[in-house]
Amino acid sequence: MASLNPEKTRWMRGPSTPLRGALLGLLLERPGHGGDLANRLAARLGETWRVDTNDVYRLLEQLEKTGLAVSRDEPKRNNHRRTHLVYYPTEETSEALTLWMETLLPREPVRLGLQAKLSVAREEDAHRLLQALRAYERECLLLAQLVGPTDGRGRSWAALCMDCTRDAVYAQLESEIEWAQRTRRRINEFLEHRG
Amino acid sequence: MTPLLSLVNVSKGYNDGAREVLVLDRVCLELDAGITVGVYGTRRSGKSTLLRLAAGIALPDTGAIHFDGRNIAKMSSRERGRLLRSQIAFMSAADWRANPGESVAEHVATSLGSEGLTLREARRRAMRVLDLVDAGSVAEELTSSLSLTERARVMLARALAREPRLLVLDEPALLPSLGDRDRFYALLRDTAQQRGIALLMASEEMTALQGLGVFVSIADGELVSTGSLGTVVPLPGRRRLGAERGGQ
């Protein structure tokens with residue numbers, strides 16, 4: 001494993017690290033302007049990530065400040081009188097991507113809103129909690145529905161990575177749904193015993 | 001428009017020796033022709049019971065199940081049998097049965113026995129449907145020699161041979177290779193779409209349901225649905241929780 005120099009991993013701090021890392025990968029594939037990179041990011045990660053174009057511009061600026069991307073003002077393809085910023089990888093981009101691939105993922109809080117409600121719920125809130133849990137379960141199902149299907153024919157590395165990305169979303173949603181179902185069950189059993 | 005299949009306040013339970021266990025509690029679900037629905041649930045969640053009821057294999061304790069506007073529970077067993085043979089096909093990987101010495105083509109053709117076809121016609125249809133599911137190359141193989149992937153495709157061919165309007169699938173492909181599994185489900189989706197067959201498929205793996213039009217989850221006798229494209233959102237009400245009926 002490559003040595004973890006704190007200077008070289010500073011960009012890996014904060015909740016936007018996965019998007020910054022994915023942007024580095026895309027830049028290494030080919031340079032692009034902000035809108036292009038946002039579209040490519042959304043196509044790779046899928047609808048469930050809800051990639052915001054404005055966030056992508058902000059993240060690209062951050063990457064440029066840390067020396068992992070560099071931008072050049074270039075004429076637009078369809079209108080040569082106007083320009084836009086095109087982002088390129090730097091000499092350090094590839095090493096940064098490798099470091100990110102090797103770095104352990106941070107623990108992330110899950111379903112904060114519902115957990116907070118459960119932690120202080122009163123007995124008379126039971127039905128409201130059941131409704132909230134059902135709504136959450138439905139939201140997870142809707143997200144699962146948004147994931148584009150694999151055509152089952154992919155043999156390339158890129159197709160494999162896309163299938164793994166899909167799997168990551170499904171695995172997370174499955175676990176969320178199972179948790180919501182178990183919690184509903186606990187509450188239902190409690191109410192049943194109370195008569 | 002009359003839905004192809006509708007379950008209205010359907011309940012089903014069993015007695016575990018000590019108490020009555022309600023597997024489905026007043027479940028409602030509608031399925032239009034050509035719609036694909038994926039049912040996600042863990043083991044013992046009630047998804048197999050739901051599917052067997054939807055396929056007309058089991059009858060509900062209470063509630064009504066209509067297929068094409070006709071109440072399945074009120075049909076004679078003969079009428080129900082005819083409906084099951086001609087309009088609804090049910091497939092589960094766990095139900096694989098094959099006769100010793102039987103070829104794949106014979107296995108598919110014998111499922112058409114009551115269709116009034118000659119043996120030659122049944123065999124021709126079997127070959128056509130085996131080609132459709134990319135299993136034509138094993139038509140002359142013995143069923144006992146098939147790999148799990150080939151078995152899944154042959155089972156699908158057998159289910160499709162009668163040209164059903166509704167295909168009900170309960171864990172249809174428990175395959176060791178993830179790539180084979182993906183290819184099977186892609187084939188299933190494409191075939192259903194091309195032929196306008198409604199799909200109701202259950203799995204404990206969400207990846208099996210990818211690409212289906214509507215997602216439903218099942219647990220503790222209750223359904224939660226994304227309900228769209230003409231499929232009615234199931235009612236979440238529970239008998240013992242009357243106060244919250246009608247909400248979502």
Side-chain angles (χ1 to χ4, degrees), chain A residues 46 48 124-155 159-160 162-195, chain B residues 19 22 25 36-43 45-46 134 177-190 203-229 233-234 236-248:
Chain A
T48 52
E124 66 258 35
D125 292 322
H127 291 173
R128 292 182 197 97
L129 286 174
L130 286 169
Q131 297 281 36
L133 287 160
R134 256 185 229 113
Y136 182 61
E137 198 173 326
R138 186 165 185 269
E139 178 67 19
C140 290
L141 288 171
L142 280 166
L143 287 172
Q145 215 172 278
L146 282 174
V147 181
T150 176
D151 64 5
R153 286 187 283 273
R155 288 270 190 253
L160 171 83
M162 286 300 290
D163 284 347
C164 295
T165 311
R166 263 185 213 103
D167 238 350
V169 176
Y170 285 129
Q172 197 165 346
L173 292 174
E174 276 177 3
S175 114
E176 292 299 293
I177 288 171
E178 282 172 30
W179 169 77
Q181 290 176 340
R182 271 202 310 277
T183 309
R184 276 201 288 123
R185 188 169 197 165
R186 280 181 200 279
I187 296 173
N188 276 328
E189 283 179 4
F190 175 87
L191 292 174
E192 210 171 352
H193 287 122
R194 281 289 169 122
Chain B
R19 64 184 189 121
L22 209 51
D25 186 4
T36 57
V37 177
V39 182
Y40 170 73
T42 55
R43 277 182 196 180
S45 61
D134 293 335
S177 157
L178 295 176
D180 285 350
R181 216 181 300 181
D182 286 347
R183 277 185 286 282
F184 176 84
Y185 288 121
L187 170 80
L188 182 61
R189 286 194 303 272
D190 292 348
S203 179
E204 57 186 63
E205 290 173 324
M206 216 173 240
T207 50
L209 309 177
Q210 59 182 298
L212 300 186
V214 178
F215 276 39
V216 174
S217 63
I218 181 167
D220 208 16
E222 198 176 328
L223 298 188
V224 171
S225 166
T226 59
S228 59
L229 299 170
V233 178
R238 295 183 66 84
R239 192 170 292 150
R240 55 181 178 265
L241 298 175
E244 54 162 340
R245 280 177 202 167
Q248 175 60 34

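Since the structure is predicted, the reported quantities are computational estimates derived from the model, not experimental observations. Convention: sequence-line order gives letters A, B, ...; per-chain numbering from 1.
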Enquirer: Go through the steps to decide whether A:Thr150 and B:Gln210 satisfy the test side-chain contact (heavy atoms from CB on, under 4.5 Å), and finish with yes or no.
Expert: CA-CA 8 Å; A:Thr150 176; B:Gln210 59 182 298; 3.4 Å; yes
Enquirer: With a 4.5 angstrom heavy-atom cut-off, is it the side chain or the backbone of B:Ile218 that approaches chain A, or both, or neither?
Expert: backbone
Enquirer: Given a strict heavy-atom distance threshold of 4.5 Å, which part of A:Glu174 is in contact with chain B: side chain, backbone, both, or neither?
Expert: both
Enquirer: Under a 4.5 Å heavy-atom cut-off, does chain A meet the side chain of B:Leu212, its backbone, both or neither?
Expert: backbone
Enquirer: How many angstroms lie between CG in B:Asp182 and CG in A:Asp167, if you round to the nearest 0.5 Å?
Expert: 8.0 Å
Enquirer: Less than 4.5 Å to any heavy atom of chain B: does that hold for the side chain of A:Leu142, its backbone, both, or neither?
Expert: both
Enquirer: Using every non-hydrogen atom in the two residues, find where A:Gln145 and B:Val214 come nearest and quote the distance to one decimal.
Expert: OE1-CA, 3.5 Å
Enquirer: Quick one: of A:Glu178, A:Arg166, A:Arg128, who has the most non-hydrogen atom pairs under 4.5 Å with chain B?
Expert: A:Glu178
Enquirer: How close do B:Ala219 and A:Gln181 get, heavy atom to heavy atom, and via which atoms?
Expert: CB-CD, 3.3 Å
Enquirer: Apply side-chain contact (heavy atoms from CB on, under 4.5 Å) to A:Val147 and B:Met206, showing your working.
Expert: CA-CA 11 Å; A:Val147 181; B:Met206 216 173 240; over 6 Å; no
Enquirer: Test B:Thr42 against A:Arg182 for side-chain contact (heavy atoms from CB on, under 4.5 Å), laying out the working first.
Expert: CA-CA 11 Å; B:Thr42 55; A:Arg182 271 202 310 277; over 6 Å; no
Enquirer: Report which part of B:Arg181 has an atom under 4.5 Å of a heavy atom belonging to chain A: side chain, backbone, both, or neither.
Expert: neither
Enquirer: With a 4.5 Å heavy-atom cut-off, do A:Leu130 and B:Glu222 have their side chains touching?
Expert: no
Enquirer: Between A:Arg185 and chain B, which part of the residue has a heavy atom less than 4.5 Å away: side chain, backbone, both or neither?
Expert: both
Enquirer: Quick check for you: to the nearest 0.5 Å, what is the distance between A:Glu137 atom CD and B:Tyr40 atom OH?
Expert: 9.5 Å
